[in-house]
Novice: 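Sharing a structure with you now.
Order of the sequence lines sets the chain letters (A, B, ...), proteins ahead of strands, with each chain counted from 1. These numbers come from the heavy atoms of this one structure, side chains and all, not from hydrogens, waters or symmetry mates. Please read these numbers as outputs of a predicted model, since none were measured by experiment.
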Protein chains: 2
Amino acid sequence: MSRGSPAEEYRIPVGRATTIVDVAERAGVSKATVSRYLSGKSEVLSEATWKQIEDAVAALNYRPSQIARSLKGGHTRLIGMVVADVTNPYSVAVLKGAEDECQRAGYMLALCNSGGSPEKEQLLLAGLRAYRIEGLILNLAGPGGEKVPEAMPADLPVVLLDRHLPAGRFDFVGLDNIAAMGEATRHLVGNGYRDLMLLAEPLRGVSVRIERGLGFREAVAAAGCSGEVCEVDLRQEGAMGAALARFMAGPDRGPRAVIAASGLVTLRTVQAMQALGLRMPGDLAVVGFDELEWSSLVGPGITTIAQPTYDIGIAVVRSLLARLATHNMTEPRSTIFTGRLVVRGSSAPAGAARHVRPAGEG
Amino acid sequence: MSRGSPAEEYRIPVGRATTIVDVAERAGVSKATVSRYLSGKSEVLSEATWKQIEDAVAALNYRPSQIARSLKGGHTRLIGMVVADVTNPYSVAVLKGAEDECQRAGYMLALCNSGGSPEKEQLLLAGLRAYRIEGLILNLAGPGGEKVPEAMPADLPVVLLDRHLPAGRFDFVGLDNIAAMGEATRHLVGNGYRDLMLLAEPLRGVSVRIERGLGFREAVAAAGCSGEVCEVDLRQEGAMGAALARFMAGPDRGPRAVIAASGLVTLRTVQAMQALGLRMPGDLAVVGFDELEWSSLVGPGITTIAQPTYDIGIAVVRSLLARLATHNMTEPRSTIFTGRLVVRGSSAPAGAARHVRPAGEG
DNA sequence: TTGTAAGCGTTATCAG
DNA sequence: CTGATAACGCTTACAA
């Protein structure tokens, strides 16, 4: 056989994609034998045959169709992931871990963004079902997540990420929010703050927020100081500013501090404080949930509760793979990570607070 | 037929997924007829039949297998997207636009992260090929991207995102980097800065960086002021600090300013400046590429060149869909967006610069 | 060690 | 209007 240049040899034919039959013909064997080669059954093939097929595959630059394989065997090696907000740094960081772990296990991730809309979430789940995903990683869009089971086959392995359902029928991977909130609260109280407020988006139907609210109330009660939970609708322009202004105008119970219940809330809090000319921590101390790349850059640095997001991503896939391995016959399992308080200037001791103005205000 | 409770009626059978045959049996028709229903051929079906099938589908909560459909028709309705860095806010913002547009067109996105490694990129492309994606959105990992064509069927529609190849064989969607860089440079010169430096990750093999370098040199030459391009390897601890220190220690040619060639470089620049105690813009003015959520929060606010990322995401999918529609028979097309300079305090006029210390330094 | 043939869940092409 | 039947590309008994 005259061998052309490598470039020519490897050119992929235009038009119909090469199939197992093309390879079989070129190698002078049957499809079945090629299939055995593809499944790596080297014990059962003669060395000569193996080599022939190997060459044919290389020459044709052949890649078996995962579609056809899936149809036959029922294994798509596809995992679906639906997040409530792709632009949330938390989601992205988790996604990275999940992606890595999927690749390691030979699975492909199909990522979707519900944008926080339960309706869109339902649509996406239906779409993923059509692709016969083998497992689902779900970061619930919000209230209404109870309908998830209806949209999916009852035996589909599901792992809930960050937010869970009351039922407890699914695996779950997330943070110990109560403990994390307790640590944050005690840190502030320990630093002399006496009038605390938790800023959160509307709690209803979102487990994370509810838990963080609970942890806050508990810790505040234990410390015997003032603590209010304030729900802020971030879609409403100026809502955050109004909430902060109201808090600052309240009766003087001692040094004031806020805890922002999510990365987005942290951002909006700092923005609003800047607009109101509130100094951090002089006028108001701040602790934020979720470590953000800019946490150390703003003002005196923002104290945050960091989550091990990459590890969470790995854990969520592992949880799914474990379930896959047992054909979904295991009890629902929760994997709970611990947050880590990263202390910076925004929560410095109340007395010692150097009254630094936010930069850029003069 | 006795009807159970809705909940019971809709329960999805465990075990084998329901197929078109189940629906056909329940509706008392043939699979072919069900298939016609699924393809929406209402003109050709009797109203009674239509209704029967409709009921059966609902009762069984049936969803046709996209896998089987793909195998038959060759249309997977799957689009692959490989990005160099999922954690880059640019990528995420584009992803959001792309995702929305895909959903609108009834396509599903399979997202992969090459992590900037050309080897991993090759692996991912091979994986996507197995799934018979109909189109590919590719944000090249870096040097070595020339091998992409080999990994993919020659007739696969490809759109390059942000970074392109010299060959120009593919569609491309990205920014007019030369113009954007020119605007940034002229802005700084206009505000009295005379000694400029462009901070970028190593240019070699990454078109965006090369173009930004080019645009910088051109603009600086046109303005007749000093301008150096400094390549910084961000993986090396302290490299950014060293580069900045060296720049500051150079001969006095007038007010100094840096342009950070990407969002990540901006972050590292500001971090290093803070570590070195450099005031912004007093000691050093800053303009950064890519608008970041925290741009307005740090110091006096960071002047940035904002990209219309969401629109870029939409454009990249549209470009692909257009190519899909013409069976890949169109000439390679480039869609170039224009950056927008968002002016903030970090590049305030050199004379008028209020010497604000980064907050938190005392 | 290898080949033959059935079947995975659809759609499309025929007939009827 | 509807029903058989043959693909689609692959895997897997079952034979040889």
Novice: If you compare every side-chain N and O of Ser65(A) against the phosphate oxygens of dG9(D) (OP1, OP2), does one of them come in below 4.0 Å?
Specialist: no
Novice: Please classify the nucleic acid contact of Ser46(B) as base, sugar-phosphate, or nothing, using heavy-atom distances under 4.0 Å.
Specialist: sugar-phosphate
Novice: Which pairs, with at least one residue in residues 33-42 of chain A and sequence neighbours excluded, count as a side chain to side chain donor-acceptor pair (under 3.5 Å)?
Specialist: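 Qualifying pairs, neighbours excluded: Ser30(A)-Thr33(A).
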Novice: With sequence neighbours excluded, tell me which residues meet side-chain contact (heavy atoms from CB on, under 4.5 Å) with Pro118(A).
Specialist: Ala141(A)
Novice: I'd like to check the side chain to side chain donor-acceptor pair (under 3.5 Å) partners of Thr19(B); sequence neighbours left out, ordered by chain and number.
Specialist: none
Novice: Give one of base, sugar-phosphate or nothing for Val29(A), where a contact means two heavy atoms less than 4.0 Å apart.
Specialist: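 Sugar-phosphate, no base atom in range.
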Novice: On DNA chain C, which is the earliest and which the latest nucleotide, 5' to 3', with an atom closer than 4.0 Å to a heavy atom of chain A?
Specialist: dT1(C) to dT10(C)
Novice: Under 4.0 Å: is that the gap between some side-chain N or O of Thr33(B) and OP1 or OP2 of dG3(D)?
Specialist: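 Answer is yes, contact under 4.0 Å.
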Novice: For Asp171(A), what residues pass the salt bridge (Lys or Arg N to Asp or Glu O under 4.0 Å) criterion, not counting sequence neighbours?
Specialist: Arg323(A)
Novice: What is the distance from CD of Gln52(B) to C1' of dT2(D), rounded to the nearest Å?
Specialist: 12 Å
Novice: If each of Arg132(B) and Gly28(B) is mapped to the nucleotide of DNA chain D with the nearest heavy atom, which maps nearer the 5' terminus, i.e. the 5' end?
Specialist: Gly28(B)
Novice: Quantify the bending of the helix from dT1(C)-dA16(D) to dG16(C)-dC1(D) as the angle between its end axes, each fitted on five pairs, to 10°.
Specialist: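 Roughly 40° between the end axes, to the nearest 10°.
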Novice: Whether Asp100(A) and Lys96(A) form a salt bridge (side-chain N of Lys/Arg under 4.0 Å from carboxylate O of Asp/Glu) is what I want to check.
Specialist: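 No salt bridge links Lys96(A) with Asp100(A).
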Novice: From CD of Gln66(A) over to C1' of dC10(D), roughly how many Å is that when rounded to an integer?
Specialist: 10 Å
Novice: Out of Leu324(B), Thr76(B), Leu78(B), which one pairs with Tyr107(B) under the side-chain contact (heavy atoms from CB on, under 4.5 Å) rule?
Specialist: Leu324(B)
Novice: Please give, in whole Å, the distance from dC8(D) P to Asp22(A) CG?
Specialist: 11 Å
Novice: Do Asp22(B) and Tyr62(B) have side chains that approach each other closer than 4.5 Å (heavy atoms only, starting at C-beta)?
Specialist: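 No, side chains not in contact.
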Novice: Rounding to a whole Å, what distance do you find between Ile20(A):CD1 and dC8(D):P?
Specialist: 14 Å
Novice: List in numerical order all residues of residues 67-75 of chain B for which some heavy atom is under 4.0 Å away from an atom belonging to DNA chain D.
Specialist: Leu71(B), Lys72(B)
Novice: How long is the line joining OH of Tyr131(B) and C1' of dG9(D), in whole Å?
Specialist: 15 Å
Novice: Could you tell me whether the side chains of Ser46(B) and Thr49(B) share a donor-acceptor contact shorter than 3.5 Å?
Specialist: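 Checked: Ser46(B)/Thr49(B) side chains pair up, N/O donor to acceptor below 3.5 Å.
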Novice: If the condition is ring-ring contact (aromatic ring centres under 6.0 Å, His included), which residues does Tyr310(A) pass it with, not counting sequence neighbours?
Specialist: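 Applying ring-ring contact (aromatic ring centres under 6.0 Å, His included) to Tyr310(A) gives none.
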Novice: Under the side chain to side chain donor-acceptor pair (under 3.5 Å) rule, collect the residues that match up with Gln103(A), sequence neighbours excluded.
Specialist: Glu99(A), Lys120(B)
Novice: Under 4.0 Å, heavy atoms only, any strand: does Ser35(B) hit a base, just the sugar-phosphate, or nothing?
Specialist: base
Novice: Would you indicate whether the side-chain heavy atoms of Arg132(A) and Gln66(B) approach each other to under 4.5 Å?
Specialist: no
Novice: Glu101(B): what forms a side chain to side chain donor-acceptor pair (under 3.5 Å) with it, not counting sequence neighbours?
Specialist: Arg104(B), Arg318(B)
Novice: For dT2(D), does OP1 or OP2 lie under 4.0 Å from any side-chain N or O of Thr49(B)?
Specialist: yes
Novice: My understanding is that only residues two or more places apart in sequence, or in another chain, count here; which of them pass side-chain contact (heavy atoms from CB on, under 4.5 Å) with Ala93(A)?
Specialist: Thr309(A)
Novice: Phosphate oxygens OP1/OP2 of dC10(D): is one of them under 4.0 Å from a side-chain N or O of Tyr62(A)?
Specialist: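 Yes.
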Novice: Between N or O atoms, less than 3.5 Å apart, protein on one side and nucleotides 14-16 of chain D on the other: list the pairs.
Specialist:
none

Novice: Of the options Val317(B), Leu321(B), Ile314(B), which is the one that meets Cys102(B) in a side-chain contact (heavy atoms from CB on, under 4.5 Å)?
Specialist: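 It is Val317(B), the one option of Val317(B), Leu321(B), Ile314(B) that forms the side-chain contact (heavy atoms from CB on, under 4.5 Å) with Cys102(B).
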Novice: Base, sugar-phosphate or nothing for Glu43(B)? Non-hydrogen atoms, less than 4.0 Å.
Specialist: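 Result for Glu43(B) = sugar-phosphate.
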